[in-house]
Every structure is written in structure tokens, then in C-alpha cells.
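Positions are given from 1 along the sequence.
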Amino acid sequence: MAIDYQSLAVKGVQALSPYQPGKPISELARQLGLDPAAIIKLASNENPLGPSKIAIVAAETALSELCLYPDGNGFELKQKLSKRLGVGAGQITLGNGSNDVLEVIARCFADASSEVVFSQYAFAVYPIVTQAIGATAVSVTAKDWGHDLDAMAAAVTERTRLVFVANPNNPTGTVHDSDAIEAFLDKIPQNVLVVLDEAYCEYMTGEKDPDGVALLSRFPNLIVCRTFSKAWGLAALRVGYSISSPAIADILNRVRQPFNVNSLALAAATAVLDDEDYLQRSREANTAGLKQLQKAFDEMGLRYIPSSGNFVAVEVGPHAMGVYQALLAQGVIVRPVAGYGMPNHLRVSVGLPLENEQFIDALAKALVAAGQGA
């Protein structure tokens, strides 16, 4: 007798679809018989500069201890983050990427009786972790492609336990300034936790740009999440963290898996925090790349969402998947975002100048191939 194993899964998991990452270069090369060296990947918001040399040396040094478990408490990394951010080490929770921390937060503070609020067009992990624990997802209609903070605050009920806010938001790149975030937090009851996801915060340098860490002393129900995968260039090593009150961090660490951050990741992340030159070059390359892409979209008559991240969502019309496939045929990988409810858009990560130019040239050809260009 055949068993329907899907029916044995919890209801929230039954309704989930697997997270779809950006297509790897090796996969496209296999599928289309392309030279991997000629393919560019602008799909996963990775740092185009490559990793910091300081981080590489630190990871190589740690290789000699592969037979040992990592420091389960991440002492050295926490000390470095504590000093950099001006918080106590006891306020930091480390994760195998910030996704890991987001899941731990959901598991600690929500269950099948709870509601979790997030925005339309927000990061795909929020509904995934919500449904996985059986909680009720409350998706609030976006405003101008970004979070409608007033509507999100109004959506909070007695059942709400968590609110996820991505700032800047992925995949739209929209951002709210510090005043807007603070005004939003003032409206949220203290028994409702707000998770401020600042994965792309290092790319922002303006005076009014938000800094969730600076708000922690005023809002004990706030959890700020950050990552080393973007501006710090360590996506392959998967290192993320949250900053919260010590009381919340203590709860998160009860559920966090032992040794969830490996030794190479701990070493590289600890070391890269000293490489301010690398961070500055990452910011400069991103600013220039965004200008290059957005200028090209203007010249091509394409609408796009102005971005504060290291990517931009461009509207290419109802045949977006055809444009995407035509780009793949030219060895250019970007990210379709129909799964985010944006079927007419493609999300393009910022690359190096020549990579951006290769994409721009390929896009013009792809639009013609899909019947949308001149």
C-alpha cells in the first residue's frame, strides 16, 4: 500500500514550495553547453569584488583544525561585533546565514495560534518560516513596491507575535528612513516582536539611513538581523547574526543549533570586520553599478524600482520569463521574481562594470527576442 507522505507533513509545510535560489553557473553551463568562464551571474545579490584577501587568509589558517568542532558560542566573532556595534556580546545571536536566525526567531516566538505580519513583495523566507511552524501569515499590501508601515501596524492583532520588516527590502530595494522606522515601532505593542532585517544596510551611507541597532535601547521588542553574505562578501560561508535585548538573545540561543556556524566562517567573518577598505570598495562599486544599470534602463525606456540594495528590479513586461530565458542563452543569469508576485520584473544584481555592460547588451537582444524591444 502506497503511503502519501505529503499528507503526513504538518499543514503549513504541505502548502510550501521549495525556495528557488539563483541558477548556479555550473548548472547553466551543463544545460546549454556554455563555457562557464563566459557566464556571468547577476542573480543572487552576491558581492562582485570576490572575497576579502584578509578573510581568505583567515579561513585558510582555520583549515588545520577541521577535525575539531567550532566554537559553539562564537566568542571571538561576538567580541568583534560587540565592539563594532557598541552592544553587549550577550545581545548577539549567530546563525548559519541570517536565514537561520530568522527561522530560530519564528520557532521561539510563534506557533499555530499566532499571526506573523510581513509585507507583500518581501523576502521569501518570511512566509516560509511562518508556514513551517503552522502560524498564520498576514501579508500586507505594499505601497509603491515597499512596506506600507502604517498598514502593517494596523494589521497587528491580539494574535500577532512577530512582524518582519526588510529594510532595505529584497527584491524591490525600497527603504524607509530612520524616522519612519521609529514612528512604526512606536505603534507596535511591546509584546509583539519586530524583526528588522538589515541584510543590505552596509550599502547605505546617508544621514537619515536607518540603523536598527541604535533603536534597541528604546524598543526592547526589537530584533535586528544582519549578514556577512552581501557587502562583506562571505555568501558561501553562511554567517548571519541578530542583535536584541539580552533576554531575547538568551531565548534564541536555547533553540539555536549547536555549532551552527562553522570554523572557517567564524574565522573569515571575524577577520573581515577589520577590512574597512574592502567594505568601502564594496560600497563604491555598488553605487557606481546601480547608476550604470539605472542609466541604461532609462535609455532603454524601461521602468525600474530605485534601489538601496545591491540589486535593482526592472520591469521588462508580460514576457519576462521569455526575456529571462533569452538572457540565459547568452550566458547571463538574472533572477525572475514571479514567485514574489512580480511577474513582469527581473531582479538584477550589481556586477563589475564589464559584467553590467555585458548584461545591458544582452538585455537589449533579449527584449527583441521576446518581442518587446525595438
Is it true that the side chains of [X] and [Y] contain a donor and an acceptor less than 3.5 Å apart?
X: Tyr126; Y: Asp197; value: yes
X: Glu115; Y: Thr157; value: yes
X: Asn47; Y: Asn310; value: no

Nearest-0.5 Å distance, [atom1] of residue [X] to [atom2] of residue [Y]:
X: Ile25; Y: Ile333; atom1: CD1; atom2: CD1; answer: 5.5 Å
X: Gln294; Y: Asp298; atom1: CD; atom2: CG; answer: 7.5 Å
X: Met300; Y: Leu363; atom1: CE; atom2: CG; answer: 4.0 Å

*With sequence neighbours excluded, give me every side chain to side chain donor-acceptor pair (under 3.5 Å) pair touching residues 235-245.*
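As it turns out, the side chain to side chain donor-acceptor pair (under 3.5 Å) pairs with a partner in residues 235-245, which skip direct neighbours, are Ser229-Arg238.
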I'd like to know if the side chain of [X] and the backbone of [Y] have a donor-acceptor N/O pair within less than 3.5 Å.
X: Asn96; Y: Val239; answer: no
X: Gln131; Y: Ile128; answer: no
X: His345; Y: Ala338; answer: no
X: Arg161; Y: Glu158; answer: yes

*Where do Gly95 and Val261 come nearest, in terms of heavy atoms and distance?*
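Smallest heavy-atom distance, with atoms named: O-CG2, 3.3 Å.
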*asked:* Within the structure provided, determine whether Thr227 and Trp232 are in side-chain contact (heavy-atom separation under 4.5 Å).
replied: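 Answer no - side chains too far apart.
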*Are any non-hydrogen side-chain atoms of Glu65 and Ser263 less than 4.5 angstrom apart?*
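No, every pair of side-chain atoms sits at 4.5 Å or beyond.
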*asked:* With clusters defined by side-chain heavy atoms of hydrophobic residues (ILVMFWY) lying less than 4.5 Å apart, directly or transitively, does Ile188 cluster with Ile223?
replied: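 Each belongs to a different hydrophobic cluster.
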